[in-house]
Structures are given as structure tokens and as C-alpha cells.
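These notes are about the structure you will find just below.
Letters A, B, ... mirror the listed sequences (proteins, then strands); counts begin at 1.
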There are 2 protein chains.
Amino acid sequence: MTVIPIYRKDSTHPQAQICQACAVRQFAFFGALDDNGLERIHQHIADQRIEPGQSIFSAQEAGQAVFTVRSGVVRLERVSERGDRRILRLAGRTDLIGLESVLSQRYAADAVACTPVEVCRIPRTLVDELSAAEPQVVLDLMKRWQRALDDAEEWLAELTTGPARRRMLRLLLKLSEYAQPGDMVWLPMRDEMGAMLDMTVETASRMVSALRREGVLEPMGTREAHLDMTRLMQALRAQDST
Amino acid sequence: MTVIPIYRKDSTHPQAQICQACAVRQFAFFGALDDNGLERIHQHIADQRIEPGQSIFSAQEAGQAVFTVRSGVVRLERVSERGDRRILRLAGRTDLIGLESVLSQRYAADAVACTPVEVCRIPRTLVDELSAAEPQVVLDLMKRWQRALDDAEEWLAELTTGPARRRMLRLLLKLSEYAQPGDMVWLPMRDEMGAMLDMTVETASRMVSALRREGVLEPMGTREAHLDMTRLMQALRAQDST
DNA sequence: CGAAAACTTGATTAGCATCAAACCAGGTGG
DNA sequence: CCACCTGGTTTGATGCTAATCAAGTTTTCG
């Protein structure tokens, strides 16, 4: 528990308390900043709530800000030359998305909320100022780029190859990384699964149904499910050994 | 044409001339440096020649250096959980690989020469020193991370989806980016194509043979080919419209 | 020159896409 | 409150694409 200094307890700016109390702060972009640093910046940061299906930013748009995901799951997707949507990777709590805006580049992909999402919008100009003042910030940025690259490469190696059943199992494993408190994982719509795993809705549905019958998966309310991790890992091992 | 100052014309260190005359210097990592900066560093840089099939670095190895590719084509690949090799992306002239070493992280993938390759090995410690001295260098690093991410995402969106024929056509298009002077492109082995496009050697062979018969592709000597770009683009359009 | 490696081609089969139809949940308006 | 509609999901039947299995051919290199 951090003790909040008295002089700031009744700060006039409402964002002050929010940044101060931010649950993801220690992992997130401004973990590197001390309270003083935080004080200087909070008025430029806006926190936003985004409903499922709504876009956070779009590909080709001139990037003006990066976003820290405070809760929920965001998908990053592109439309291929052929015209079909492909989901490239997911971002969750503590992830920073839209990094390319720091370089004054256009966003390279669409970012769309999969669940209700809370993000903090951090303007590019602010990142520039901070980078000049705090060398830690630049290092943190580079680490985040590397993480994004790692995620993309892992997605490519594990989620685009092998039979449909294996890809679905690996997706569930990945989704478990974004689990809510209470073991609940977000269960994507079947067409989202299709865009992630390069399969049709019908195939996605068949795989999910099969796994439900096997007890790997238990849908709990719309768009959520409980995973039996033991059975999931077991199914994966069985899959990979054949 | 840069005029080379007299005082350096007979520098004792052989690497001095090489760095000075480096054909990729303006695009490569040290484009940001002036001659003075270059003078300070060249003794730490080693240029290496690597034969096809040889490894430049391996995944999990503690990264001690980044590498600028001066010529040839390098593949970045991972072994999936299931145990099969997956090629994630390619790197060519002016690309910088092994960026994660700057963060003192382990290499995330294997880097293997596809053709005869020339690289400059740049130690991590040198990058650190330069970053402190020259702010441009850090910006350049971030741009390169973003480029790597872009490449990985494009690979995912264009080369992992659609029928085998389309994926092969798109691979040829990508290979044309790495063309030699004289329109010659490197033609991978069939099993490399398989690892790039997630198909078997047999399917890769069938696709290449078909495209050769259609005149899209003309093998010229081992491991090289001439592409008819007009027919290639035409075949791609026909493919995507169906 | 001979062996190994890479490539090609053919026949058969498995897995997934496609087409088609039914099913279900949640929201709306009569 | 219920009938209805809509968007998402499930299931079934059929066909096509690419994997697999199996030779055979060409190239490479000691």
C-alpha cells in the first residue's frame, strides 16, 4: 500500500487520483516514473472505456497516442491484400499498444476491443518529453517493442500451424493468460476464432463443441468459459505426440 | 561521393576503410553517425562471411551483439512446441537482426544464412555507449524494432492464409524485395518454402513447377530464378478475385 | 563414378471448406 | 407477456485441397 502525500489528497484534477491509484501502474508504462514525474503528466492522460466491438485506433490513421490497457482484451488485426480480416495478436492488462505513434508513424493495424476495455490514452508529445527527461522511459519502450515482436512471432509459430484442433487448444492456452479473477476466460465469437486461427466459423464451432463434450471447456454465460487446465494440457500433449 | 579526409587515408586499422566505404552505411545502423563517430567505433566491429546453412546466432543464446546484414538473405526461425521448424521472416541488405541483445535478452529466434551472407557484428556494449552519446541511435533502434514488427505482422497476414498457390505467389513477391542486381531472386529449397508457408515439400514443389510452366518463374542455375513480375502480379490478381 | 540429397510426379486419403438447414438467446414491438 | 426477428451458433452432407505414401529423376559433391 502506497501512502498518498497529504498535499495531493485533494488535488483538483480528477486524473491525479486515478493515475496514483492505478492498479497497473507498477507494470505499465509509467512504472519508471516517481510520484513527481507522475504529478507532471497526469493532466495529459485520459482514461477511456471502450465497449466490445469498438475501435481504439485504426490502421493507416496518423498515430497521435499510445494506449495502456488497464483491463479487458484488445485484438490487433489487419485486412490482408485479399480483403479478409486477420487477427495478429492480442493485448491485455499492462500491455502498451500503438507504439508506432511514438515514431510519428501511422498505426500499422486496427485495435478493437474484444471485451469491455479500459485504456489510458498517452499523447505522443508527452512520450517525447518524458523520453528526453527520463532515460528509463526509452528503455521501457524498447522492451515493449521487443515484447510485441516476441508475441507476434510466438503467434506465428504456435497458432498458424498444425491441425485445427491443435490450433484451438493453443488458443485456449493463450486466452488463459488473459484470465479474469475467478478462472473465467474470455471466449471469442466463432468468427473471431476463425480470424485468429485461419479457419471457418463452422470448423471453430465444431472444435469448441468437441472440447466442451470432452470437458476441457465449460461455457459460463455468454462470451465466457471455465477451462480445465489439466485436461487442456493433456489434450495438447496427446495432440502433439501423434 | 564523400571526400575521405587525408588523415584517415592510411589508417592502420583495416576495418577503418571497410566501414568508411561500406555500401550499406547510409541505410544501416551507423547512418546516424558522422565520420568522427565512425572513427571511434570501427575497431570494435567485425565483418563476417557466412555460408548458406550456417547459423549467425541461435535462440536462447545470451545475446552479445546485433548484426547488420550487408548482403545475402537471412532467415529467422523458431522451433515450435510441437517440434517443427517455422520460418518467421527474412532479413536482407541493410536489415539489423538480433535487436533483443541490446536489452541483454536471449535471442528469440535462430538466424540462419540462406545465401552467402556478409554481416557486421556490433557488440551490445558498443550500442550502449553510442546510445548514451548519440540520441539519434536510440531513435534508429526504435524504428528498426517497429520495422521488424511490421514485417512479422505482414508475414502473418499475407503468407499464412489462403490456398497454397496464393501463398507461393506472395512468397515470390516478397523474395523479389531481396533481388540481386540483374533481376535474379534467391529461390529457396522446397523444404524452406514449406517452413515459410506451412506446406509440405511436395506441395511446394508442385506449386513451383506449375508456376514455371506458366512462365511466372524461370530457374537460372541452382538456387536462383528470374521472375516475370507482370505475370506474377497477374496471377495474384486472378487468385485473389476468385 | 557412385552415393546422398534435393526435386518431381503420381495415387490415395484425411481434413477442412463449403453449402445448407436448423437451433437458440436476447431484444423489440405489438 | 408473448410472438417474432436477428445475429450468433450448431450440426449434417458433400466436395476440394493439400497431406501422405510411394516411386522415380536430377543434381551435387566427395
Whole angstrom is fine here: how far is it from [atom1] in [X] over to [atom2] in [N]?
X: B:Met189; N: C:dT8; atom1: CE; atom2: P; result: 13 Å
X: B:Asp191; N: C:dA4; atom1: CG; atom2: C1'; result: 15 Å
X: B:Leu211; N: C:dT8; atom1: CG; atom2: P; result: 12 Å
X: B:Leu217; N: C:dC7; atom1: CG; atom2: P; result: 13 Å
X: A:Arg190; N: C:dA17; atom1: CZ; atom2: P; result: 15 Å

Euclidean distance, B:Arg166 CZ relative to B:Leu159 CG, rounded to 0.5 Å
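Answer rounded to 0.5 Å: 8.5 Å.
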Please confirm whether the shortest side-chain N or O distance from [X] to OP1 or OP2 of [N] is below 4.0 Å.
X: B:Arg213; N: C:dT9; result: yes
X: A:Thr200; N: C:dC16; result: no
X: A:Thr203; N: C:dC16; result: no

Polar contact flag, side-chain donor to acceptor under 3.5 angstrom, A:Thr160-B:Arg86
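There is such a pair between these side chains.
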Is it the case that A:Gln146 and B:Trp145 place a side-chain donor and acceptor less than 3.5 Å from each other?
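On atom types as modelled, these side chains qualify, holding a pair under 3.5 Å.
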Is the shortest heavy-atom distance from the side chain of B:Val112 to the side chain of B:Ile56 under 4.5 Å?
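They are not in side-chain contact.
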Taking the side chain as every heavy atom from C-beta outward, state whether A:Leu187 and A:Thr222 have any atom pair closer than 4.5 Å.
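Heavy-atom side-chain distance check fails, nothing below 4.5 Å.
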Using the side chain to side chain contact (heavy atoms under 4.5 Å, CB included) rule, take B:Glu118 and B:Asp47 through it: C-alpha gap first, then chi angles, then the decisive distance, then the call.
CA-CA 7 Å; B:Glu118 292 174 305; B:Asp47 69 332; 5.7 Å; no
Under 4.0 Å between any heavy atoms, over every strand shown, what does [X] touch: base, sugar-phosphate, or nothing? Just pick one.
X: B:Arg165; answer: nothing
X: A:Ser205; answer: base
X: B:Arg167; answer: nothing

Which atom pairs, one a donor and one an acceptor, fall under 3.5 Å between side chains of residues 192-200 of chain A and the rest of the protein, sequence neighbours left out?
| unit_1 | atom_1 | unit_2 | atom_2 | d |
| --- | --- | --- | --- | --- |
| A:Glu192 | OE1 | A:Met189 | N | 2.9 |
| A:Glu192 | OE2 | A:Arg75 | NH1 | 2.5 |
| A:Asp198 | OD1 | B:Thr161 | OG1 | 2.9 |
| A:Thr200 | OG1 | A:Thr203 | N | 3.2 |
| A:Thr200 | OG1 | A:Thr203 | OG1 | 3.1 |

Any donor-acceptor pair under 3.5 Å between the side chain of A:Glu202 and the base of C:dC16?
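Donor-acceptor pair under 3.5 Å: no.
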Quiz item: B:Arg206 side-chain donor-acceptor pair to C:dG10 base, under 3.5 Å
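Present.
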Can you establish whether the number of heavy atoms outside B:Lys174 located under 6.0 Å from its atom NZ is more than 12?
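Enclosed.
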Are more than 12 heavy atoms, taken from residues, nucleotides or ligands other than B:Met220, located less than 6.0 Å from that residue's CE atom?
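12 or below, so no.
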Estimate the overall bend of the helix from C:dC1-D:dG30 to C:dG30-D:dC1 from the end axes over five pairs each, rounded to 10 degrees.
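So the angle between the two local helix axes works out to 30°.
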When you match A:Asp198 and B:Arg212 each to their closest nucleotide on DNA chain C, which lands nearer the 5' end?
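So the residue in question is B:Arg212.
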Nucleotide range of DNA chain D contacted by chain A, 5' to 3', under 4.0 Å to a heavy atom?
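Using the under 4.0 Å cut-off, the span is D:dG8 to D:dA13.
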